[in-house]
Amino acid sequence: MEKNKVVVIGTGFVGMSYAYALVNQGAVEELVLIDIDHDKAEGEAMDLNHGLAFAPRKMNIRAGNYDECKDAALVVLTAGVNQKEGETRIDLLNRNAIIMESIVKNIMASGFNGIILVASNPVDILAYVVWKESGLSSSRVFGSGTLLDTARLRYEVSRQISIDVRNVHAYILGEHGDSEFVCWSNAYVGAKPVKDVIESMEEITFEDLDKIYLNVKHAAYEIIKRKKATYYGVGMALVRITQAIFNNENRIIPISVYNNGVYDCDKDVYIGLPAVINRDGVHHVVKLNLNGEELVKLKASSKIIRDNLDQMEF
Ligand code: NAD
């Protein structure tokens, strides 16, 4: 864990948006790209290296193989497979799980003992599969969870009230998927609760909160409809998590984390909750005081994830 070395597995849109953002922000010393299509990983490394003259720091970027994981502090999983014709959601889940299992076997065979961050979807399910397969502590395996959704939420609120997005503190919790929900009871602008903001500003009403939630929930569908995939936002979200790890920030980030009983819902699942992240991974899950309605939503979301895991063959 001495070197700030990251290995990215899957050099598609998401993997390369993350890599590109890492280079632009000078977030790591060493970056290794792995893909089942090794030529693609090589081409991507060449292309990124040609930008180093304009990057904020010296970096070592190359394509590699799984031996490179041995001394990596962080491995980020962005490998993805799409649904085949006639394939059910559970078939896809099983196929994804098999791919993740084989990737994790290769990572662990290298002697890896760092942190694994999962971005591949369905992220909550795959983070669980990766954790089980790796044998690592749950503090060292987590998924990007609802961080991207939370960033979308903050953007939507910020746009509505014309206040800087960095002053909007609010979380999307639960599954990174259709059952996710906004924790409005713990949402603030600056230090002001959203409820008070609504009462003091004409720009936003309680009805707007529902619209904002729907915009966030449908954001991925809307982007995919227009450009077939989403990748810049998640790439930057993954860099934020990377910075929290390498800078030992103890930063609170909503990620897909193992619910160790802090919240009263299915315990044996990975689900989007706020957690404190530092150089060792997840320090602890932050317990928010959810209201009754939010607790019901969290339980329902966690049941959906658990039911999916129960139907899978791994
Ligand atoms: P993509 O098809 O562009 O890239 C996937 C890459 O994975 C390809 O380069 C492919 O060759 C590689 N790959 C496939 N199987 C592999 C294996 N066994 N070993 C190594 N590499 C392998 O897809 P994308 O748009 O980059 O999306 C990647 C994943 O990220 C998808 O699962 C997608 O749903 C997910 N995603 C997550 C979020 C989030 O918020 N967590 C947001 C957007 C996309």
Side-chain angles (χ1 to χ4, degrees), residues 7-21 32-45 47 63-66 68-69 75-84 87 89 92-107 109-110 116-130 133 141-153 155 172-178 180 216-242 253-257 270-272 305:
V7 175
V8 178
I9 302 178
T11 60
F13 286 117
V14 173
M16 289 319 298
S17 299
Y18 168 58
Y20 185 61
V32 177
L33 306 177
I34 297 179
D35 198 285
I36 199 162
D37 179 353
H38 185 71
D39 282 350
K40 166 125 172 59
E42 260 182 2
E44 296 288 4
D47 203 358
N65 58 37
Y66 283 95
E68 290 277 9
C69 297
V75 170
V76 181
L77 300 185
T78 54
V81 284
N82 295 324
Q83 205 150 355
K84 284 185 183 158
E87 196 176 42
R89 198 177 132 77
L92 178 69
L93 283 181
N94 283 328
R95 198 153 57 88
N96 267 321
I98 290 165
I99 290 167
M100 283 297 141
E101 278 170 354
S102 79
I103 289 176
V104 174
K105 272 200 180 80
N106 288 330
I107 296 170
S110 74
I116 304 182
L117 169 58
V118 183
S120 308
N121 274 325
V123 68
D124 304 290
I125 306 268
L126 294 185
Y128 184 93
V129 170
V130 169
E133 186 61 38
V141 179
F142 45 96
S144 55
T146 50
L147 179 56
L148 174 60
D149 319 74
T150 293
R152 288 173 175 154
L153 171 71
Y155 164 74
I172 297 268
L173 302 180
E175 176 202 15
H176 172 60
D178 290 341
E180 67 187 23
V216 171
K217 194 170 147 178
H218 299 150
Y221 299 113
E222 290 298 324
I223 298 172
I224 289 167
K225 195 164 85 187
R226 290 165 174 82
K227 54 174 270 191
K228 296 191 170 58
T230 83
Y231 35 92
Y232 299 131
V234 64
M236 292 176 79
L238 295 172
V239 173
R240 185 82 280 306
I241 298 173
T242 305
I253 303 180
I255 51 161
S256 184
V257 67
Y270 270 71
I271 188 161
I305 299 171

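Order of appearance sets the numbers: ligands from 1, and atoms from 1 within every ligand. For the numbers below, each heavy atom of this structure counts, side chains included, while hydrogens, waters and symmetry mates do not.
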Exercise. Using a strict 4.0 Å threshold on nitrogen-to-oxygen distance, state whether E133 and K105 make a salt bridge.
Key: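 Between K105 and E133 there is a salt bridge, with a charged N closer than 4.0 Å to a carboxylate O.
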
Practice problem: Could you tell me which atoms of ligand 1, counted from 1 in the order shown, lie closer than 4.0 angstrom to a heavy atom of T11? | Solution: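 Checking each atom against T11, I get 9 (O).
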
Quiz item: Among protein heavy atoms, which sits nearest to atom 12 (C) of ligand 1, and what does the distance come to when rounded to 0.1 Å?
Solution: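 Result: D35 OD2, 3.3 Å.
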
Quiz item: Could an N or O of ligand 1 be found under 3.5 Å from any N or O of I36, whether backbone or side chain?
Solution: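 Yes; the residue has a nitrogen or oxygen that sits under 3.5 Å from a nitrogen or oxygen of the ligand.
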
Quiz item: Would a 4.0 Å cut-off, counted as strictly less than, catch a protein heavy atom around atom 23 (O) of ligand 1?
Solution: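 No, there is no protein heavy atom closer to it than 4.0 Å.
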
Quiz item: Which atoms of ligand 1 sit under 4.0 Å from any heavy atom of G10?
Solution: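 Listed by number with element: 7 (O).
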
Quiz prompt | Atoms of ligand 1, numbered as shown, that sit under 4.0 Å from any heavy atom of A119 | solution =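 Every atom of ligand 1 under 4.0 Å from some heavy atom of A119: 30 (O), 35 (C), 36 (N), 37 (C), 38 (C), 39 (C), 41 (N).
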
Quiz prompt | Sub-3.5 Å N/O-N/O distance, F13 and ligand 1 | solution =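 Min N/O separation from ligand 1 is below 3.5 Å for F13.
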
Quiz prompt | Protein contact for atom 2 (O) of ligand 1 (heavy atom, distance under 4.0 Å) | solution =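 There is no protein heavy atom less than 4.0 Å from atom 2 (O) of ligand 1.
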
Quiz item: So, is T230 polar-close to ligand 1, with some N/O to N/O distance under 3.5 Å?
Solution: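 No.
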
Quiz item: Tell me, do V216 and I172 make a side-chain contact under 4.5 Å, heavy atoms counted?
Solution: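 In contact.
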
Quiz item: I9 pairs by side chain to side chain contact (heavy atoms under 4.5 Å, CB included) with which of V76, I107, V104, T78?
Solution: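 Output: one option passes, namely I107.
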
Quiz prompt | Pair I116-L77, side chain to side chain contact (heavy atoms under 4.5 Å, CB included): steps then yes or no | solution = CA-CA 7 Å; I116 304 182; L77 300 185; 3.9 Å; yes

Quiz item: Can you say whether the rings of Y128 and Y270 are parallel (under 30°), tilted (30 to 60°) or perpendicular (over 60°)?
Solution: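 Rings of Y128 and Y270: perpendicular, over 60°.
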
Quiz item: Would you say K40 has any N or O atom under 3.5 Å from an N or O of ligand 1, going by distance alone?
Solution: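 Not met; the criterion fails.
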
Quiz prompt | Per-atom contacts, ligand 1 versus S144 - under 4.0 Å to a heavy atom | solution =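 Checking each atom against S144, I get 39 (C), 41 (N).
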
Quiz prompt | Passing candidate, side chain to side chain contact (heavy atoms under 4.5 Å, CB included) with R152, options T230, L147, T146 | solution =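 Among T230, L147, T146, the one meeting side chain to side chain contact (heavy atoms under 4.5 Å, CB included) with R152 is T230.
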
Quiz item: Polar-atom distance check: I99 versus ligand 1, any N or O pair below 3.5 Å?
Solution: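 No: no nitrogen or oxygen of I99 is under 3.5 Å from one in ligand 1.
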
Self-check item: Region of M16 engaging ligand 1 - heavy atom pairs below 4.0 Å
Solution: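 For M16, no heavy atom sits under 4.0 Å from ligand 1.
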
Exercise. For atom 32 (O) of ligand 1, grab the closest protein heavy atom and report residue, atom and distance to one decimal in Å.
Key: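 It is N121 N, 3.0 Å.
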
Exercise. Before signing off on this row, confirm whether V14 and ligand 1 have an N or O atom pair separated by under 3.5 Å.
Key: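 Yes, since at least one N or O of V14 sits under 3.5 Å from an N or O of ligand 1.
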
Self-check item: Polar contact flag for T78 and ligand 1 (N/O pairs, less than 3.5 Å)
Solution: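 By distance alone, the answer is no.
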
